[in-house]
Amino acid sequence: MSERSGLYAIWYREFKVFLREKSRIVASIINPILWLLVFGGGLGSSISVKGTNYQAFIYPGILAQAALFSSIFFGVYIVWDRKIDFLKEVLVAPISRTTIFVGKILGGATDALIQSAILLVLGAVLSWSGIIPGLNLGILSIVLSLFILFITISALVSVGLIIGSKMESPEGFQLISSFLLFPLFFLSGALFPINNLPAWLAPFVIIDPLTYPVDALRKIILGTSHFSLMTDFGVMLGFLALVIIIGTYAFKKMKV
Amino acid sequence: MAVIETENLTKKYNGLTAVDNLNLKIEEGEIFGLLGPNGAGKTTTLLTLTTLIEPTSGTARVNGFDVVKQSDLVRKSIGIVFQDPSSDEILTGYENLKLHGLLYGMEPSLREKRIKDVLELVDLTDRKNDLVKKYSGGMRRRLELARGLMHHPKILFLDEPTLGLDPQSRTHIWQYIEKLQKEENISVIITTHYMEEVDRLCNRMAIIDAGKIVVLGTPEELKKVIGGDVVTVKTENPNIAAVKKLDFVKKIETKNGLVYLTVTDADKNLSEILQAIGKVESVEVHKPTLDDVFIHYTGKEIREGEAEGGWANKIINYNRKK
């Protein structure tokens with residue numbers, strides 16, 4: 001009883017803060033739109049990928065990128081909680097560290113999923129109005145995409161929380177996470193097809209965990225993919241399990 | 001029954017001993033003060049008793065439960081007000097309390113009733129729907145005091161409850177602590193480096209320095225140890241020999257052109273002292289304070305106002321950075 005109510009407590013707090021800080025939502029939507037319209041539109045005027053409009057091609061990648069950035073950055077809030085003594089208030093409550101960790105994941109995942117949902121609806125509108133043609137964003141594919149994104153986001157929020165649990169200052173968090181964010185994003189094939197890569201690059205793309213959700217989203221939204229959906233799913237679930245195990249351990253060891 | 005009992009409690013950080021073989025017993029219903037300068041080991045002791053850090057060696061029992069082996073039961077028995085602000089300022093006062101009730105698994109009906117009660121206790125009922133960032137430092141402390149009490153703890157820990165507050169807010173906090181100890185009948189443990197705080201609130205106190213308990217007793221007992229009133233005389237050529245002959249003078253110390261005398265019944269005997277000591281520029285007589293006790297036992301003055309963990313300052317820095 002107490003653990004379930006504790007889980008709800010952690011989620012409740014994160015969600016309330018998210019709703020109140022409207023600038024967070026707005027900022028998290030503006031960036032992906034710029035990538036899609038300016039970068040995609042600019043480059044797309046001279047190239048296309050295997051007959052697919054370039055903007056449409058990178059749309060699944062931009063969805064994953066938005067999820068990546070807001071999920072990882074969610075970890076910085078735990079550093080802020082430690083700066084004041086709010087973290088102690090939570091750690092001294094009679095609930096387990098695992099509950100705190102899972103509650104934080106659900107809180108962060110809610111934030112990032114709302115952002116994803118907005119971007120998906122926006123994509124449907126852009127496709128329907130003919131600005132970015134060729135996106136298959138019916139109800140079913142939106143639901144499937146959200147499911148893929150939920151798994152991805154949960155794993156990435158865990159990564160952010162693991163970094164946050166070790167960091168003493170927000171600056172330190174920023175530094176470490178930006179070392180992680182850009183390689184993860186660029187190597188994921190969000191901006192280019194991954195079937196004809198130079199030999200030196202291919203292995204890096206294959207070990208990037210973000211490659212798989214991008215691939216799965218492309219299958220759902222554009223109907224093309226490099227791996228099978230089963231492979232994508234398997235890797236995503238394996239990665240999620242791995243980071244949850246590491247994260248639970250990191251939270252148990254976390255100092256006040 | 002002892003609500004807190006430690007046995008050779010020790011905590012080391014990288015070879016530095018913050019708490020050194022601490023043996024402490026605190027009884028039910030007491031307001032107990034842990035007094036000491038910054039870095040004396042007060043907060044470390046408190047974090048160990050509240051299960052947030054594990055002792056290097058030794059044991060501690062809180063409400064009868066071991067802080068390491070039964071940390072869950074310890075946490076259910078205690079409430080804490082931390083040294084730094086620990087409420088979420090993006091939430092309202094009410095939401096902070098609701099969050100606390102959820103964290104402690106309180107039934108919704110009990111939770112709402114307790115929120116109402118504790119808000120009334122600290123006079124914040126009419127501000128409960130304001131965001132905490134709009135609260136003053138004193139109000140925020142009161143909210144956190146209310147929160148610490150909400151789940152009916154047996155023992156309430158207050159870490160420097162009035163650090164960084166203005167004198168008026170400080171007096172307010174003291175009044176609330178006195179009120180709640182009466183109304184809620186709980187044991188309270190306060191760490192502080194303010195003498196007046198201990199003198200006003202505590203039934204018993206311990207002076208802690210370099211991780212060790214130097215002395216323990218009621219404030220009155222400790223003040224009696226000084227052995228009389230304190231007379232400070234400013235004079236150029238004190239006739240120490242003559243003063244020494246007076247049998248009501250217990251102790252003589254000279255420092256920076258001032259003579260410090262410990263005297264029984266100073267009111268009655270002052271004129272004789274002044275005659276004996278020679279030409280006097282100024283004189284001051286006061287009853288022994290805990291400051292005198294502290295100097296007596298540790299040989300140094302407790303330094304006020306330079307606490308590195310200034311509560312109000314942290315809020316300001318936090319807001320600025322955000």
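Chain letters run A, B, ... following the sequence lines, proteins first, then strands; residues in each count from 1. In this text, all values refer to a predicted model and were calculated from it rather than measured experimentally.
- Taking the side chain as every heavy atom from C-beta outward, B/Leu180 and B/Leu156 approach each other to under 4.5 Å.
- Taking the six-membered ring where the residue is Trp, the centroids of A/Phe185 and A/Trp35 are separated by under 6.0 Å.
- Judged purely by distance below 3.5 Å, without hydrogens or angles, the side chains of B/Glu197 and B/Thr192 pair a donor atom with an acceptor atom.
- Taking the six-membered ring where the residue is Trp, B/His151 and B/Tyr104 present parallel rings, their angle staying beneath 30° rather than reaching 60°.
- Chain A forms the most heavy-atom pairs under 4.5 Å with one residue out of B/Leu91, B/Asp72, B/Thr50, B/Thr51, and that residue is B/Leu91.
- Neither the backbone nor the side chain of B/Ser77 comes within contact range of chain A; no heavy atom of the residue lies under 4.5 Å from a heavy atom of that chain.
- Using a 4.5 Å cut-off between heavy atoms, B/Leu47 touches chain A through its side chain atoms alone.
- In this structure, chain A has heavy atoms under 4.5 Å from both the backbone and the side chain of B/Leu103.
- Contact tally against chain B (heavy-atom pairs below 4.5 Å) for A/Val17, A/Ile100, A/Val92: the top residue is A/Val92.
- Side-chain contact between A/Ile114 and A/Phe15 is present, with heavy atoms from C-beta onward closer than 4.5 Å.
- Each of B/His100, B/Glu95, B/Lys76, B/Lys98 has some count of heavy-atom pairs under 4.5 Å with chain A, and the biggest count is that of B/Glu95.
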